[in-house]
Amino acid sequence: MDYNFREIEKSWQNYWAEHKTFKTEDDYSKPKFYCLDMFPYPSGAGLHVGHPEGYTATDIICRYKRANGFNVLHPMGWDAFGLPAEQYAIQTGTHPAITTQKNCDNFRRQIQSLGLSYDWDREINTTDPAYYKWTQWIFTRLYNTWFDGEQQKGRPIEELSVPAEIESKGKEAVREYIDEKRLAYYDNAQVWYCRHCKTVCANEEVLNDGSHEKCGTKEVERRFLKQWMLRIPHYAERLLTGLDNLDWPEGVKDMQRNWIGRSTGAEVDFLLDGVDEKIRVYTTRPDTLFGATYMVIAPEHELVDVITTEEHKDAVNDYVRSAALKSDLDRTDLAKDKTGVFTGRYAINPLTGKKIPVWVADYVLTGYGTGAIMAVPAHDTRDFEFAKTFGLDIVCILDPKDAEPELREKVLKGDACWTEDGAYINSANESEGLDIDGMSKEDGLKTVIEWLESKNLGKATVNYKIRDWLFSRQRFWGEPFPVIHWEDGEVSVLSDEDLPLILPDVEKYLPGETGESPLANAGDWLYVTDSNGRKGRRETNTMPQWAGSCWYYLRYIDPKNDEAPFDKVKENYWMPVDLYVGGAEHAVLHLLYSRFWHKVLFDLGVVSTDEPYLKLYNQGMILAFAYETASGSKVPSDMVEERDGSYFHIETGEELKQIVAKMSKSLKNVINPDDVVEEYGADSLRLYEMFMGPLDATKPWTDTGVKGVYNFLRRVFTFFSNLDNVSEKDDTKETLKLLHQTIRKVGDDVEDLKFNTAISQMMVFTNHCYKAGKVSRLTAETFMQVLAPFAPHIAEELWNLYGNDASVSLAEWPKVNEEYLVENTFEYPVSFNGKMRFKLELPLDISKDDAEKAVLEHEAAKRWTEGKTVVKLIYVLGKIINVVVK
RNA sequence: GCCCAGAUGGUGGAAUUGGUAGACACGUUGGACUUAAAAUCCAAUGGCCAGUAAUGGCCGUGCGGGUUCAAGUCCCGCUCUGGGUACCA
């Protein structure tokens, strides 16, 4: 029989759909397994071969878990708000909902053609009002939550007690006080604005080369705009410590830790000379205070005007103005020399009592710490560079005892910067009763902080890099904020029964130049009047694309619930997500935002777990071969020919180098999953994506590789569909042994997500069957069960051929029979001085002495022992024998 | 600069706690089938050396050291590649 995969795959996909084979029931009697894929943005380009990689991996695990008695939740949906559909609307006038619908349909068709065992009854779409109703609902929860620092917990805003002193100042003051505590707030903030996308974007979306992550252009700039922000830094500590117990790749955890950026140090107050103000600095090294020879404040610091002396006003003003005009890229470019200007003012170093100059420089950032630093040029590279540039004092207070003498000499003289540990010198002030000379760093830090606290000059502080999350966009295609701005200045959120606030129709999708959202033209929708005749205007910004993906895993649990985001009992059963698979590109943003929302919902009692995703796994990227000339310019694949293993340009004849690169239209090396399914079938595509290499590795696509696994499936079909090969007779011992080894190996490898080696084991088994010629029906059926999670269509077909009416997907995973695996002997590799020389079969229960005798008396051993003394013999049961000779 | 991951045949990649390096697959070569080709099936396939051959030896997991009876695996020092991050005091 021919392997007619087209027919087989179509008929089984229809069967599964008709019988709802993969429908998930809320059967609480079974152990649950929640396996989640990062849902895709349904782009117009359709599925990329990278998508099926993760989806196949989770599908295999889910099928395996079902066979092992688990109730499995394995859903799919669409992260469908986003710019491309809106861009298309601007160009063509087509409503983004129409484009989105079309793209979702195409994605669904493509995904379904792969035979993935999703419960399609749970499909969700972030753009569906029935879904974003609850995204808006969560936003109102964020708005009505404050963070209790003492309890380290978010609490309902009603539980916030307003100090009497504020209360006495009137309603306005109370509102202001409360608004300052809310997790979501509306404020005038300096934000990134992308002129190309015509929208603001989060700090995180602006890449370090100054380009916008979403569009790739560098048309981003700073603007002051009233925007919605979320106070994610309040959860910094919990987002950080929560990572410790998660089964996530260490790299991802590290990236989140870096992003949160916790540091410990102290805030220290410096008194100023001649003006009744003080400047508070943040430093991680208060122990180096004796070496602070000047201070720097950021150009945006609130005291710049106050402290600048008359004669320096012009210079400082000029500098502050030019710093404001600079892009952040210019300000952070390392290659650039340090700039700054003296304010004319001096501060007093509280430890030395010396006057130190206060400068303004843009290497100090407003948003971090207090926006002011004490500079210790001898032991900080940035301060050192600045001090060298402007000729400021450099006092060494850490003797680099372990450094090379030459370098040490320079450091002591202040001619070089030393940022590592050393012994404190010049760090004593008798009159102040402080002396840390000779102390360890740990004691130095402790002593100085204690001294500062006792004198009320400073205190130990913890700082985080993470900033408030800019949460609004000037875009049409996003969740509308359920917010009304009233004419008297009050801001209110809609009550639950008024949700969802549906996105209105607009004529033009283009945002205004000034950063105004398209919703500002939404006519009637825009204006509201309350029962008292008070007029209000709806919020015209929309939520960023992150919003919908922050909580979608919760909605899958109960996707059609109209009374609540999900049922609590169901949530309690299904959460947390046991395995979450997706690309590493979401290592920080999506996963951090999502954890943040989840923790807030946990604090409010909406969800039952503190963390949403127990185990995270990042699939690697699938790349493609590409070609470049000696000078490094890329050549499209259709201009390349292969001759004798080398590659040449079709037109110029130039020899080309084969490289591995991302698939791209310009390189003409994009693989379309549809084409692969058409040519080799879904089972081959699934199998190849898993066989290419480890799931987390980056690896290049090869067409011959697909052919290889197709060949395997064809061999499976050819052998096992021939009933002459599948007899009622018993198997040989070898066949049974190999079959049970295969059951074990495949099961173990699936649990470890090592699909490539599982497939290789199935190949070994199939190759054995060809050699054996005949296997029993039971063996053939068992093998189909093992193959089914990987290549479900072919497995169903053959399973059915053997007379099974029920789907193989419902069959229980075969048990390993240890009897077949028992070994009595082992073929020991015998080494002499670590080099393997010959093999010797010995009983496994042989004693060491007998083994030694058997080895040394063996004919082949003579050659290696002749004329030498046997020093000792290493005998590792079932592993190796090593003879040490001299 | 800093943090993380990686480097194994012509290629993708295997290798429990240190214990036979190269499983499986691609490619290549040879054979069978065929008028022929394709497809398929069978076999060989890390490099070098010796031998007609069976076979045997040496070298081999990015580089240099070390620990060990034994190192792809552990330790120290580098090189290169990929990812993240960047004046965060």
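Here is how names work: the chains are called A, B, and so on, in the same order as the sequence lines, proteins then strands, and each is numbered from 1.
- Between Arg257(A) and the phosphate of U85(B), there is no side-chain N or O to OP1/OP2 separation shorter than 4.0 Å.
- Heavy atoms only, all atoms of each residue included: Phe384(A) and Ile394(A) are closest at CE1-CD1, 3.9 Å.
- Trp864(A) comes within 4.0 angstrom of the backbone, heavy atoms only, and of no base.
- Picking from G57(B), G19(B), U20(B) the nucleotide with the shortest atom distance to the side chain of Lys839(A) gives U20(B).
- Among the nucleotides C24(B), A89(B), C3(B), the one closest to any side-chain atom of Phe691(A) is C24(B).
- Among the nucleotides C4(B), A70(B), C24(B), the one closest to the side chain of Asn882(A) is A70(B).
- Between Ser263(A) and the phosphate of A89(B), there is a side-chain N or O to OP1/OP2 separation shorter than 4.0 Å.
- Picking from C87(B), A89(B), U85(B) the nucleotide with the shortest atom distance to the side chain of Trp259(A) gives U85(B).
- Residue Asn767(A) places at least one side-chain N or O under 4.0 Å from the OP1 or OP2 atom of A25(B).
- For C26(B), the base has no donor-acceptor partner in the side chain of Lys707(A) [N/O atoms by modelled type, under 3.5 angstrom].
- Within the structure, a side-chain polar atom (N or O) of Asn756(A) is placed less than 4.0 Å from OP1 or OP2 of A14(B).
- Each of U40(B), A89(B), G19(B) was ranked by its minimum atom distance to the side chain of Ile880(A); first place goes to G19(B).
- In this entry the base of G82(B) is anti relative to its sugar, with a glycosidic angle more than 90° from 0.
- A donor atom on one side chain and an acceptor atom on the other are found under 3.5 Å apart for Thr757(A) and Asp749(A).
- Judged by atom type and distance alone, Lys465(A) does not reach the base of U85(B) through any side-chain donor-acceptor pair under 3.5 Å.
- Distances from the side chain of Pro829(A) to the nucleotides A86(B), C3(B), U20(B) place U20(B) closest.
- Residue Asn711(A) has a polar side-chain atom (N or O) positioned under 4.0 Å from OP1 or OP2 of U40(B).
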